[in-house]
There are 2 protein chains.
Amino acid sequence: MIPNKPDHSKSQRLTQQRSAVLHAVEMVRTHPSAEEVFHLVRKELPNISLATVYRNLHLLAEEGKIREVQFEGDVLRYDGITGPHEHFYCRSCRTVWDIDRSLSPQAIHDVERSMKASVESYNLDFYGLCSVCRRKA
Amino acid sequence: MIPNKPDHSKSQRLTQQRSAVLHAVEMVRTHPSAEEVFHLVRKELPNISLATVYRNLHLLAEEGKIREVQFEGDVLRYDGITGPHEHFYCRSCRTVWDIDRSLSPQAIHDVERSMKASVESYNLDFYGLCSVCRRKA
DNA sequence: CTCTTATCAGTAATGATTCCTAATAAGCCC
DNA sequence: GGGCTTATTAGGAATCATTACTGATAAGAG
């Protein structure tokens, strides 16, 4: 037993289930829900359990390998892209679009200073109608 | 029956319960959950039902009289301030702080242009440790 | 004061997520 | 490669927030 060298990664064994879940979230670009990941992974591992999908999604998010995202009135969803970016959520079709943009370090620092707090992360989500749904409405 | 003049307000009768729920959310500055509003309102109306609190919170939010807010790993909460502002959420004590700041119209328009979408609203939430919790940690 | 019906209290139902347990399989050691 | 330890799994039960349902109540128009 080695007391030093703390293990930051919560997942210690690379199981088929875990890598399949990670792979699914990374491959698909739809910001899938747990249920959707479950259906995707099932094609490869027909016996995987929904609880396993939930457990691994949570674990992978904690390790920073995927990102948890949540939008008003919707279920938790997952994003395979972990770098800083923002989201546009269509209130009609519930599609999530990545926005390649991010707050300036200055803006974040301003919040830290005014709050006297440390800011670890932030979420910026835009809501509205996407180009397709806007035409229909 | 008057076909014109659509009634935007979903709540048509001003009941004791409804005004008590609205009053509670407006008075308290803690961005309370439904459960917390329930306990607050109970002091005034001991027989009010939790379902009534939920129904009215939802209704009032739809009318724009209060605002629904949600933070990572937390329950839905409500904000009595409806004007544009942002939030800081302490991951440790779960306190929500209002930030008197808002995105420039230009930034929002940039998103609309790049997405070819219409942006109705946005949420900007900062996560971290507040000044008090930062000292403890 | 009456009457219509939106709203209520109370409780059952739902839906997403988490917990529990015996069985399984990573992956280290030989 | 074969054992061995134990993290992880499958499957189902349990939890928790929220919503739906139903007969009773009370807003508020006339």
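These numbers come from the heavy atoms of this one structure, side chains and all, not from hydrogens, waters or symmetry mates. Reminder, nothing fancy here: chain letters follow the sequence lines and each chain counts from 1.
Just one residue in the list A/Thr52, A/Leu50, A/Leu57 forms a side-chain contact (heavy atoms from CB on, under 4.5 Å) with A/Phe38, and that residue is A/Leu50.
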Handout entry: Evaluation steps, side-chain contact (heavy atoms from CB on, under 4.5 Å), between A/Leu103 and B/Leu124
Key = CA-CA 10 Å; A/Leu103 247 47; B/Leu124 177 47; 4.1 Å; yes
Problem - Evaluation steps, side-chain contact (heavy atoms from CB on, under 4.5 Å), between A/Tyr78 and A/Leu60 - result: CA-CA 10 Å; A/Tyr78 295 86; A/Leu60 292 165; over 6 Å; no
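A close approach under 4.0 Å does occur between a side-chain nitrogen or oxygen of A/Arg18 and OP1 or OP2 of D/dT9.
The salt bridge (charged side-chain N to carboxylate O under 4.0 Å, His left out) pairs that include a residue from residues 21-50 of chain A are A/Arg29-A/Asp98, where partners are two or more places apart or lie in different chains. Listed by first then second residue, pairs satisfying salt bridge (charged side-chain N to carboxylate O under 4.0 Å, His left out) with a partner in residues 123-137 of chain A number zero, not counting sequence neighbours.
Every residue meeting the ring pair (Phe, Tyr, Trp, His ring centres under 6.0 Å) condition with B/His87, not counting sequence neighbours, appears here in chain and number order: B/His31, B/Phe71, B/His85. In this view, A/Arg113 and A/Asp110 satisfy the salt bridge (Lys or Arg N to Asp or Glu O under 4.0 Å) rule, not counting sequence neighbours. Partners of A/Tyr122 by side chain to side chain donor-acceptor pair (under 3.5 Å), not counting sequence neighbours, listed by chain and number: A/Glu86. A search for ring pair (Phe, Tyr, Trp, His ring centres under 6.0 Å) contacts involving A/His39 returns nothing, not counting sequence neighbours. With sequence neighbours excluded, the residues forming a side-chain contact (heavy atoms from CB on, under 4.5 Å) with B/Glu72 are A/Asn123, B/Arg91, B/Tyr127, listed by chain and number.
Between the axis at the start and the axis at the end of the helix from C/dC1-D/dG30 to C/dC30-D/dG1 there is an angle of 40°, using five pairs per end and rounding to 10 degrees.
Whole-Å rounding puts the B/His58 NE2 to D/dA17 C1' distance at 14 Å. One can place CD of B/Glu68 at 13 Å from C1' of D/dT19, the figure rounded to the nearest angstrom. Whole-Å rounding puts the B/Leu60 CG to C/dT7 P distance at 11 Å. Between the CG atom of B/Leu57 and the C1' atom of C/dT7 there is a distance of 15 Å, given to the nearest Å. C/dA16 atom P lies 12 Å from atom CD of A/Gln70, rounded to whole Å.
Note that the NZ atom of B/Lys116 and the CH2 atom of A/Trp97 stand 11.0 Å from one another [nearest 0.5 Å]. Here CG of B/Leu45 is found 6.0 Å from CD of B/Gln17. Values are rounded to the nearest 0.5 Å. Taking CD of B/Glu112 as the start and OG of B/Ser118 as the end, the distance is 6.5 Å to the nearest 0.5 Å. Atom OG1 of residue A/Thr30 and atom CG of residue A/Asp79 lie 10.0 Å apart, to the nearest 0.5 angstrom.
Of the residues in residues 31-55 of chain B, those placing a heavy atom less than 4.0 Å from an atom of DNA chain D are B/Ala51, B/Tyr54, in numerical order. Residues from residues 71-81 of chain A that place a heavy atom under 4.0 Å from any atom of DNA chain D: there are none.
B/Ile66 and B/Val69 fall into different hydrophobic clusters, where Ile, Leu, Val, Met, Phe, Trp and Tyr side chains are chained together by heavy-atom contacts under 4.5 Å. Criterion: ILVMFWY side-chain heavy atoms under 4.5 Å apart, direct or through other members. Under it, B/Leu40 and B/Tyr54 are not part of a common hydrophobic cluster.
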What pairs of nitrogen or oxygen atoms, one from the protein and one from nucleotides 22-27 of chain D, lie under 3.5 Å apart?
residue, atom, partner, partner atom, Å
D/dA27, N3, B/Arg13, NH1, 3.2

Give me the distances for all protein-to-nucleotides 28-30 of chain C N/O pairs that come in under 3.5 Å?
none

